Every structure is written in structure tokens, then in C-alpha cells.
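Down below is the structure, laid out as C-alpha cells.
The residues of the chain are indexed from 1 along the displayed sequence. All of these numbers come straight from a predicted model, not from anything done at the bench.
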Amino acid sequence: MENKVKRNKIWVQGYVPDEQSCAATADIASALGLTQQTAQVLYNRGCRDAASARAFLEQSAEKMHDPFLLKDVDRAVARIRQAIERHERIAIYGDYDVDGVTSVSVLYLFLSQRGADVGYYIPSRIRDGYGVTTNAIDMLADERGVNLIITVDTGITAIDEVNHAREKGVDMVITDHHECHAELPDACAVVNPHRADCDYPFKELAGVGVVFKLLCAYEMTECLERGEALIEGAHRICSEYADLVALGTIADVMPIIDENRIIVSYGLHMIANTRRRGLSALIDAALPSTRMRGGFPIPLTPEERVQQRKKRVNSGFVGFGLAPRINAAGRISTASKAVELLLADTDETAVALAQELCEINVRRQVEENRVAEQAYAMIEESVDFENDRIIVLDGDNWPQGIIGIVSSRVTERYGLPSILISFDGSVQNDTPTSDDIGKGSGRSIKGMNLVESLMACEDLLIRFGGHELAAGMSIARGNIERFRRRINEVARAQLGDEQLALQLNAECELAPEEMTMRFAEELERMEPFGVANPVPQFIANDMTASRIIAMGGGKHTKLLLTKGDFSIYAVYFGISPAQLHITAGERVDVLFQLNINEFQNERSLQMIVQDLRKSDAYLAEQKHMRDRYEEIRAGAFLEPEEEIYIPTREDFAKVYTFLRREFRQGTTTYSDQALLMALENEVPGSINYIKLKYIIRVLQELRICGVTEPEEGYYIFDIYFTPTKTSIDKSSILKKLRSQCRKK
């Protein structure tokens, strides 16, 4: 299905050399022994001198912020320690996504090791919905005898629920990272870097990152009492839990900068070498278990598995390999299964749970595709792309655990923010009513803060919350049309044509001589990549697409790009050769990531193409040739140096021989550009555009072959295998062309 809207693509180059930036990058390159190009990338990341660049690359744990700068963290530590000392029963109340699952797991492990009487509770996405509920508090208090509830990755809007808990004699400690409303819950402690009165210098922690800082504060409190250096406490927490914290941080798409970068860097190393049985089993389930030899799959040896982990485990693998499997539990089944996996203490349990999560994830993919196809059909039929700036859809049979993922796909496909609302489970007796409560999930694009936009519709919503680019909400069916109109008014005020264009960012332009193995290896030092520290992208201008090769059954494309003596292979995933709309021999500008390809112990540079288009220089030359052809055809004189536009007998022979051979093989249709490129590949430099256009006209005039032009620039050739003998010198077209040439 072709979507109606295709976003314009704008290439934005981040590094524009000036006197100040050139001096800074030269200093960084010299001081750190880096290439100038790596220094430019670091400069784009905000490293304006050698010291900040070194700190960026070193990622030292000593650079993490003091956890006691978090408002209320000291009160949270004190209340939790008190609960342990008094043998009170503690419940960890988490969210059902990866951030929530890892938050629950980290805090449970930490408290269990300290002898706490601790359990955990994760609500059902379908039965309970998002956030803290009074029903859950009643159950924890009445059935489990809980005295203290600690929320993780949730709770910042639970004002009534905290009051309800207090009435039942249950204290609450809130830890969260979502946007705060003006009023905060009246809990024992509310730890959230987004609090207006919180001076914590880094606001972009994941929910599990807030838990991590809470544990650092707890451990450092005990260090102070024992007379230990405080940094030792932070080191212990990092060495014990950074893997799970990194997993939640990456999965929640938090910016990989500041201390998130430090945590994720430590954590990825731990994940690749993990001793957690559950995490290890999930990695094995997500990675290929065989390699091909002689056309047959061969199981990997234990040593090969270890090497595979070290090579493949990065932020991309965590985000797209592990996170969906963990997330699937909360979307289709129960998130508690994912917690059980991360807490598994036997290999048998770990392998069984990892396999179960993979099976659940397959079910999730099937449901996701079903809902996505329904959503696309609704959009094509009903959305007014001239006026709508946000897509709002609703359905009765959409699983609530799926709509957030589908919303992401809708936004990516159409380039517009989107909100999908599900009434699954809320329709009584199969009869929809205006009082049915739908649960929605939305995704936005840069330029529209989704949570702030929902605030403008607060009177139409039952509840809402989330981040700038992702949010959840509840709404009565009867309010959907008013909500759709209101949220579109908000979106139109924020999103113009410029905001709706897809911006592709590049660090700088690279010349062929700058694409080196050393540079590519230096770029690897800048990992982990993610939001706010994306994989560096570059622009290479005016490269010749010498070869175009189909890959993966035609789903992907491999190109050999050349410029002068330089050549490099480039892979364009998800784009077939036909979708490129270029022909071998044409010149292109490429926006790409520089990558090291490892195959059979051989390492080579390759481009991972993000976008590709005919080069500006090439298009300018094409336009000049077309314009000049029309001028000459209209009678303009040719200058002496333009004799190269007059075809020779040899030129006619080359073109006719090529067309005859192609005709025998069944190819009868060519555009002038495709024919020109094909001839260029066979006999480089001999046939130019103007010469080719005249050859085609003369072949038709002299009936050497049949030529029809159904549309401008596209020809159908019919080869006469017994043509009437003639001479090109009889052509009136050629005679006129020769007469237009000025004498030297």
C-alpha cells in the first residue's frame, strides 16, 4: 500500500568550518591523537576543547553526579532503611515496559540482598491500565500486608492514590522520571529529576536510572557511616547493576549523553559478558545459533558464541533485539514473566522463560501487523492530509499492548504525530456507547511536545502522562471527535511544512581520502550511540554508482561507488535497486554511516546508506546538456570545441550494435539516460547526451531501426535485421548539424 504522504527530506550538515571551530578541532585532534574528522564529530557533540573531548571518550564513573542532589532522595533512603530495620513488608510497584521491568528487578535484587521482606507488583496493561490504582493499593495492603510501597517508573501523578494509601496506613515512596504536574503526591518522598524544585543537573534519567541513583545514595549513606570513600559505594552499585540499568535506559529511548552514556557504556560491557542466567538465555535466543558452511547451517561453538556476543552486543542489539522480547511480556501476557527471567537463578528456568518471551514476541508481531494494516487503511480513507497535523484513530478490537508500537509505525510512515485509542475490553454486550473508556498511546515528532499538547485537551481526557515524544491517555468515546479537532488545532499551531520535513543530519562532508580504517575505528570509540549521541552520518558528494547489485532477494541494494581511484561498497537496506531510480554509471550524493565490515576474518570499509540522490553536479550537467541540445536543434551554432557533439560512423555502429544485441535478449525499451549509462559502461567516454539524441533521430530518419517515443526521453526500439542499405551521410539531420559547426 502506497501512503499518500511522503515527507520531504532535508540534509543538514552539522559542521560548517569557521576560524573558531577549525582551531578547536585542530587542538582536539592534536591533543588526543585523532583524525581531524573525528575531532569534527566530537565538536558537533559539544566538545569544544581537548578536555571535554577526552572526558566524552573516557566515560569515567567519577564523572557521575552526586545522587544527593536529587530532591527527596535522602528521605527515600531513610524510609527504606527504616522499613528494613523494622521488618516491614515492602512492595515495589512498577510499570510493565522494559524500563519498569528493569527498575523492579534492580530494586528487588538490592533490597533482597539486604534482608528486606520485599515483593513486587506490576499491573496488567489490559486489566489495570497505566499507573498506580487504588484497587492495587487495597490488594497490597489487605492481602499482602504491605507497609511501604515504592513506585518505580510510575507514580508521579498518583495524588489521590497516595492519599488513599495513607488512609490505609501504607506509606509510599515515589520514584519516577515522567513529566511532573504542578501538584506532587504527598508521599514520604518523591524522587524525580523533573520536579520543579529539584536541582539535579541531568534531567534525562530513565526510570531505572532514578532507581540507580537511589541505590547509589543508599550505598553512599552506608559508606559514610563506615568511614569509606563515597565513590566506592557508587562503584559497587555500578558494577552490580549497570547492565540492567543500561537495558532499561536504551529501551526507554533516553538520551545517551552525560551519565546515561557512562551507565550504558559500563552496562553494555556487562551485558556482553553477563553472568545473569536470564539475560544470558535471552541473548542466546536473540542471536543466531548457527553459521553457514558449504551451504549448510553449522552450530556455533561456545568460543564462537562468546565472540559473537562481544561483536554484536551494542545499543542497537539491546534496543531492537532484547527490548522487544521483554516488552512483549507486558503487551501480550504479563510483565512479571520478564521480571522472573531477569531474576532467574537456574539455567533451566532461564532458558524456558527466554523461549516463552520469544514466542510471546512472535504473537505480538502478528497482532502488530494486523492492527497496523487496519490503521493504514483507515488513514488512507479518512485522514485529511491538507489540514490534519496529527492522526487520531480508534478501534474496538485493538490490543492495548500493541497500539503504542503501531503508533510509532504510523508516525514513521506518514511523518505526522499519531495517537491510537483502543476500546478493547471496555465495550459491554458488543454495543459501543459514549461512556466507553478508551486507552490511547501516542508518538510525536520533533516540534510538537505531546504531553504539553495533551494538557491543552485536559478537560476532554480522564488521565494522561508521558514524555515529549511519547505519551499515554484515557478518554471516553463520546469525547473523541472533540479531542481530534482540538489536538489538531494545537498541532497546526506548532507544525508547519518545515517541521514536517524529515531532517537527516550529517556531521560533515567526507572526501574519499578521509574515509580510512583509522577514522572508522576512532568512531567506534564514540559508542554507545543512541538518542542525542546518534551514530555519526556523513555526506559524500558526486560519487559514481559504478555497479548496482540486488541483495536479500531484491529487498536491499549493494552499490560499488567510485571517485577517481577510490572505491567503496555501500549497502542500502530496505531499498530495492528499482526504488533507487538511478542507473549504473550515474553520479550520486550519499548520506551514510561509515562502517567496518568483517567477513571471514577480513576487515573492510563500507557505507551504510541512509539516503541517496543524484548529485547536484550531475543534475546540473544533465540540465546543461538538455538545454544545449534544444538550442542546437533549434539552429544554434556549435563552437569549435563542441564538435564532440557530432556523431561519427563509429558512434553509430556502437549504438546500433548495442541496440541489436539488447533486442535479441528481449530489451526493447530504454530511456535516453538509461541508454546513455549502459553505453558509458561498455565504452566509457565515447557517447555523450547530445550525440546520442542525434544518433537516435538519424536511425529513425534513415529507417535503420524503428524508433517510437511514447513520452519524452523514453524510446521503444524495433530492430530491422535486414535493413535497407544506406549511408549516414544521406541524413538531412546530420547534414544540418554539421553545417551548424563554426569553423576554427
Side-chain angles (χ1 to χ4, degrees), residues 93-97 99-100 122-138 151 153-164 174 176 178-183 185 207 330-331 335 371 375 390-408 410 417-428 431-444 449-488 490-491:
Y93 194 120
D95 193 15
Y96 32 63
D97 63 2
D99 193 10
I122 300 178
S124 164
R125 185 188 294 262
I126 298 172
R127 184 183 65 249
D128 305 312
Y130 176 79
V132 181
T133 65
T134 55
N135 288 339
I137 292 171
D138 289 343
T151 73
D153 191 35
T154 189
I156 196 61
T157 61
I159 296 169
D160 294 338
E161 292 78 7
V162 168
N163 294 336
H164 179 77
I174 306 293
D176 202 350
H178 294 96
E179 296 288 343
C180 301
H181 293 186
E183 183 182 359
R331 295 185 185 280
V371 175
I390 181 169
I391 296 169
V392 180
L393 306 175
D394 61 280
D396 287 340
N397 64 343
W398 293 346
Q400 292 168 11
I402 300 299
I403 55 176
I405 312 175
V406 178
S407 179
S408 293
V410 167
S418 66
I419 297 174
L420 270 65
I421 302 166
S422 170
F423 289 93
D424 188 35
S426 71
V427 180
Q428 303 300 318
T431 304
T433 70
S434 61
D435 294 328
D436 294 337
I437 304 302
K439 293 172 182 175
S441 188
R443 300 294 184 268
S444 191
N449 186 308
L450 195 52
V451 170
E452 291 181 0
S453 299
L454 291 175
M455 287 181 182
C457 308
E458 190 169 7
D459 59 306
L460 300 175
L461 304 175
I462 296 170
R463 63 192 305 174
F464 66 93
H467 304 288
E468 177 182 354
L469 299 179
M473 50 172 271
S474 297
I475 186 172
R477 189 191 299 271
N479 283 334
I480 285 184
E481 285 306 316
R482 285 195 295 161
F483 171 73
R484 182 180 284 114
R485 290 194 296 271
R486 177 98 57 85
I487 197 75
N488 261 290
V490 174

Provide the closest heavy-atom pair for [X] versus [Y] in the form atom of the first, atom of the second, distance.
X: Ile462; Y: Ala476; answer: CD1-N, 4.1 Å
X: Glu452; Y: Asn449; answer: N-OD1, 3.0 Å
X: Asp176; Y: His178; answer: OD1-ND1, 2.7 Å
X: Ser444; Y: Glu468; answer: CB-O, 4.0 Å
X: Asp424; Y: Trp398; answer: CB-O, 3.2 Å
X: Cys180; Y: Ile156; answer: SG-CG1, 3.7 Å

Query raised in the report: What do the steps show when you test Asp138 against His164 for side-chain hydrogen bond (donor to acceptor under 3.5 Å, both in side chains), and what is the final call?
Result: CA-CA 9 Å; Asp138 289 343; His164 179 77; 2.6 Å; yes
Ignoring hydrogens and angles, tell me if any N or O in the side chain of [X] forms a donor-acceptor pair with the backbone of [Y] under 3.5 Å.
X: Ser407; Y: Ser418; value: yes
X: Tyr93; Y: Ile174; value: no
X: Arg331; Y: Ile402; value: no
X: Asp436; Y: Thr433; value: yes

**Report entry** Of Ile159, Thr157, Val451, the residue whose pairing with His181 passes side chain to side chain contact (heavy atoms under 4.5 Å, CB included)
**Finding:**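 Passing option: Thr157.
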Working to the nearest 0.5 Å, report the span between [atom1] of [X] and [atom2] of [Y].
X: Arg463; Y: Glu458; atom1: CZ; atom2: CD; answer: 12.5 Å
X: Ser441; Y: Ile405; atom1: OG; atom2: CD1; answer: 9.0 Å
X: Thr133; Y: Asp160; atom1: OG1; atom2: CG; answer: 12.5 Å
X: Ile390; Y: Phe483; atom1: CD1; atom2: CZ; answer: 6.5 Å

**Report entry** CA sep, side-chain torsions, deciding dist, call: Leu454, Met473, side chain to side chain contact (heavy atoms under 4.5 Å, CB included)
**Finding:** CA-CA 9 Å; Leu454 291 175; Met473 50 172 271; 4.1 Å; yes
Query - Cation-pi, Phe423 ring and Arg477 (6.0 angstrom, 45 degrees) - result: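 Because its charged atom sits under 6.0 Å from the ring centre and within 45° of the axis, Arg477 does stack over Phe423.
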Requested in this report: Please test Ile122 against Asp95 for side chain to side chain contact (heavy atoms under 4.5 Å, CB included), starting from the C-alpha separation and ending with a verdict.
Outcome: CA-CA 6 Å; Ile122 300 178; Asp95 193 15; over 6 Å; no
Heavy-atom check, side chain of [X] versus side chain of [Y], under 4.5 Å:
X: Thr151; Y: Val132; value: yes
X: Val371; Y: Pro399; value: yes
X: Ile421; Y: Val392; value: yes

Query raised in the report: Ile437 and Ile475: side chain to side chain contact (heavy atoms under 4.5 Å, CB included), yes or no, with the steps?
Result: CA-CA 6 Å; Ile437 304 302; Ile475 186 172; over 6 Å; no
Requested in this report: Please test Lys439 against Asp394 for salt bridge (charged side-chain N to carboxylate O under 4.0 Å, His left out), starting from the C-alpha separation and ending with a verdict.
Outcome: CA-CA 9 Å; Lys439 293 172 182 175; Asp394 61 280; over 6 Å; no
Query raised in the report: Given the rule in the side chain to side chain contact (heavy atoms under 4.5 Å, CB included) test, do Leu460 and Arg486 qualify, once you have shown the distances and angles that lead to the verdict?
Result: CA-CA 9 Å; Leu460 300 175; Arg486 177 98 57 85; 3.7 Å; yes
**Report entry** Distance-only polar pair, side chains of Asn488 and Arg485, donor-acceptor under 3.5 Å
**Finding:**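 There is no such pair between these side chains.
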